[in-house]
Amino acid sequence: MQIGYACLAIAVPESGLKSCTLKNATEDQLLSLIGHNLDSLEKIIDYNIRNGILLFRISSDLIPFGSSVAAKLPWQNIYAEKLSTISNKIIRTGMRVSMHPGQYTVLNSPIDSVVERAVQDLNYHTKVLDCLGLGPAHKIVLHLGGVYGDKNQAKSRFISNFKRLASSVQKRLVLENDNTMYHISDVLETAATVNAPVVYDTLHNAVNPADCGCADLDWIRQCSTTWKGSDGLQKIHYSQQHSIKKPGAHSESIRIDPFLELYGQLEDMDLDIMLEVKDKNISALKCIYCVSNRGIRMLETEWARYKYSILEKSPEIYQAIRQLLRDKNTYSALEMYHMIEMASCIPTSVGNAVNAAQHVWGYFKNKATETEKRRFQNMLQKYSLGETSLQSVKNTLLLIARKYNEDYLLNGYYFYI
DNA sequence: TGACGTCAAGATCCG
DNA sequence: CGGATCTTGACGTCA
């Protein structure tokens with residue numbers, strides 16, 4: 001059983017993906033972006049390994065315009081060495097990766113050109129995983145597509161188009177229930193006819209339920225039978241509803257108690273859980289540390305990343321967590337995260353925010369230039385007077401942290417949450 | 001025709 | 001000029 005996250009990692013320096021607009025997508029530009037993005041991918045994989053995260057979704061944006069303009073470029077040869085390095089890291093650690101074309105890859109469209117582009121897109125995703133030397137347990141997750149006024153016809157068009165895909169593509173595909181069109185019952189039925197495994201998405205089912213009283217666990221059990229030997233472990237997608245955004249929108253962070261409630265029901269099953277959440281790796285580590293004891297040192301490292309974000313919310317909770325981790329025999333990841341969640345609910349007061357910013361500034365006060373000192377003090381003053389945002393203060397500190405390579409701060413969450 | 005979702009690029013505004 | 005804050009882009013479907 002592994003818990004993972006999708007596409008990008010927060011507070012992992014130099015791990016961002018670059019892109020460009022179609023009109024700037026020259027060969028040189030694309031190849032340079034691809035090189036940069038592969039470097040970023042390697043940094044994310046390294047981060048995952050260091051932190052014991054062995055489930056990860058590779059972003060479709062890895063190769064900009066990978067299914068169209070860049071499909072004609074020999075990036076797999078030019079970057080063969082880099083791909084092989086990444087491949088070795090994934091395989092050596094037993095990491096499982098996946099990819100997930102978005103809502104605009106529609107295999108069952110009645111429009112030929114749309115289907116053709118979907119095929120190209122699935123070929124592209126397959127090529128990435130193939131180039132990394134990864135077997136068919138490293139999946140590509142796909143939705144069924146549109147309905148076009150006749151769901152049965154749309155389903156059969158999906159099936160016939162699926163059967164025309166290259167077998168290398170078919171072997172990797174898994175089908176997922178979606179937000180609006182195809183609920184889990186639809187997907188199970190269609191997947192059965194093409195022998196594809198099914199990914200059950202909890203939030204999609206909450207928003208677009210199959211009309212029966214089945215609970216998450218029932219659907220997860222039903223989906224488990226669709227996963228055969230070479231497919232690897234069953235996978236599910238887990239996410240929670242955003243507190244104010246519209247139904248189906250992912251939450252900022254995973255609340256640990258509801259997660260553990262489902263997790264507790266899965267104890268006799270072995271499956272991989274992909275989290276879909278705004279704070280990505282941060283919530284993945286939260287869930288991992290709460291279901292398995294990875295030792296006090298890992299937890300302390302994680303606490304260190306949260307420190308100033310919590311100090312900014314509540315000096316009291318900050319002290320309480322320090323106290324909690326002081327006792328190496330009775331420490332509890334769950335308790336720590338309960339306190340972190342409590343703190344994150346508190347609205348930020350100007351006084352606490354200024355206090356936290358000054359703590360962060362403490363890293364530089366002996367080495368910063370006069371200009372930097374003045375810039376920070378001005379910024380903080382303006383924030384105190386309500387003339388600028390807290391994020392501006394943080395951005396100022398972030399630039400200084402980058403300049404002085406203050407890794408401890410750059411690996412923490414203060415600048416990002 | 002706009003909304004949907006996503007994230008970075010690109011454009012523009014401001015001191 | 002640099003940084004903050006919009007707007008656009010790229011994709012297809014549906015109301």
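Note that these values count all heavy atoms, side chains included, but never hydrogens, waters or copies made by symmetry. Residue numbering restarts at 1 for every chain, and letters A, B, ... go by the order of the sequence lines.
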key: Contact residues, residues 273-287 of chain A to DNA chain B [heavy atom, < 4.0 Å]   = A/K278, A/K280

request  = Scan nucleotides 2-8 of chain C nucleotide by nucleotide, 5' to 3', and note B when protein non-hydrogen atoms come under 4.0 Å of the base, S if they reach only the sugar-phosphate, - if neither.
outcome  = -SS----

message = Return a single string for nucleotides 9-15 of chain B, one symbol per nucleotide in 5' to 3' order, where B is base contact, S is sugar-phosphate-only contact and - is none, cutoff 4.0 angstrom on heavy atoms.
response = SS-----

key: Lys/Arg-Asp/Glu bridge criterion (N-O < 4.0 Å) met for A/E42, A/K89   = yes

key: Pairs flagged by ring-ring contact (aromatic ring centres under 6.0 Å, His included) wherever residues 354-373 of chain A is involved - sequence neighbours left out   = A/W361-A/F376, A/Y363-A/Y408

Between the protein and nucleotides 11-15 of chain C, are there any N/O to N/O pairs under 3.5 Å, and if so, what are the atom names and distances?
unit_1 : atom_1 : unit_2 : atom_2 : d
C/dG12 : OP1    : A/R117 : NE     : 2.7
C/dG12 : OP1    : A/R117 : NH2    : 3.1
C/dT13 : OP1    : A/S109 : OG     : 3.0
C/dT13 : OP1    : A/Y148 : OH     : 2.3
C/dC14 : OP1    : A/V147 : N      : 2.7

task = Might you work through the salt bridge (Lys or Arg N to Asp or Glu O under 4.0 Å) test for A/K286 and A/E302, ending with a clear yes or no?
result = CA-CA 9 Å; A/K286 179 200 275 198; A/E302 190 55 10; over 6 Å; no

inquiry  = For A/E116 and A/Q120, which I'm curious about, is there any donor-acceptor pair between the side chains at under 3.5 Å?
reply    = yes

task = Check for a donor-acceptor pair, side chain of A/Q29 on one end and backbone N or O of A/C20 on the other, with a separation under 3.5 Å.
result = no

key: Between A/H143 and A/H204, ring centroids under 6.0 Å   = yes

key: Residue of the set A/K365, A/K403, A/K367 for which salt bridge (charged side-chain N to carboxylate O under 4.0 Å, His left out) holds with A/E372   = A/K403

Contact check, side chains of [X] and [Y], non-hydrogen atoms, under 4.5 Å:
X      : Y     : value
A/L54  : A/N48 : no
A/H125 : A/S60 : yes
A/L41  : A/F56 : yes

ask   = Is the count of non-hydrogen atoms from other residues, nucleotides or ligands lying under 6.0 Å from A/R294 atom CZ greater than 12?
value = yes

remark   = Residues passing the side-chain contact (heavy atoms from CB on, under 4.5 Å) test with A/P209, sequence neighbours excluded, are A/N205

